[in-house]
Amino acid sequence: MNLEENLKQLEKIAEELEQGGISLDKGIKLYEQGIELTKACLDELDKSKSKISEIREQMSKLIDIDEAEDK
């Protein structure tokens with residue numbers, strides 16, 4: 001699943017937990033699923049952050065090259 005799908009699933013889990021009326025076992029299972037989805041979201045965000053940093057670094061190098069050529 002991608003980030004958006006994971007977030008939608010997390011919302012459903014949160015709603016179900018907030019509504020109550022579920023067994024303790026089901027609540028624990030939902031909580032565990034929520035933790036796993038949260039980890040997956042954080043991993044995806046870290047990957048995106050790294051990719052953005054790479055792109056910025058590449059752009060910075062290009063700008064430095066362009067400025068050096070202009071001198």
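Not counting sequence neighbours, the partners of I22 by the side-chain contact (heavy atoms from CB on, under 4.5 Å) test are E16, L17, K26, L30. Residues forming a side-chain contact (heavy atoms from CB on, under 4.5 Å) with K49 (at least two apart in sequence, or on another chain): none. I52 is linked by a side-chain contact (heavy atoms from CB on, under 4.5 Å) to R56, counting only residues two or more places apart in sequence or in another chain. E36 meets the side-chain contact (heavy atoms from CB on, under 4.5 Å) test with K39; sequence neighbours excluded. For E32, there are no salt bridge (charged side-chain N to carboxylate O under 4.0 Å, His left out) partners at least two apart in sequence or on another chain.
From Q33, atom CD reaches atom CD1 of I13 across 4.5 Å, with rounding to the nearest 0.5 Å. Taken to the nearest 0.5 Å, the NZ atom of K47 stands 5.5 Å off from the CD atom of E44. The structure places OG of S60 at 13.5 Å from CD1 of I55, a figure rounded to the nearest 0.5 Å. Taking CD from Q9 and NZ from K12, the interatomic distance works out to 5.5 Å, rounded to the nearest 0.5 Å.
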Next on the checklist: salt bridge (charged side-chain N to carboxylate O under 4.0 Å, His left out) for E57 and K61? Distances and angles first, verdict last.
Outcome noted: CA-CA 6 Å; E57 187 175 321; K61 287 178 184 177; 3.5 Å; yes
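Other residues sharing the hydrophobic cluster of I35, ordered by chain and number and joined by side-chain separations under 4.5 Å: Y31.
Nearest heavy atoms, L10 versus G34: CD2-O, 3.4 Å.
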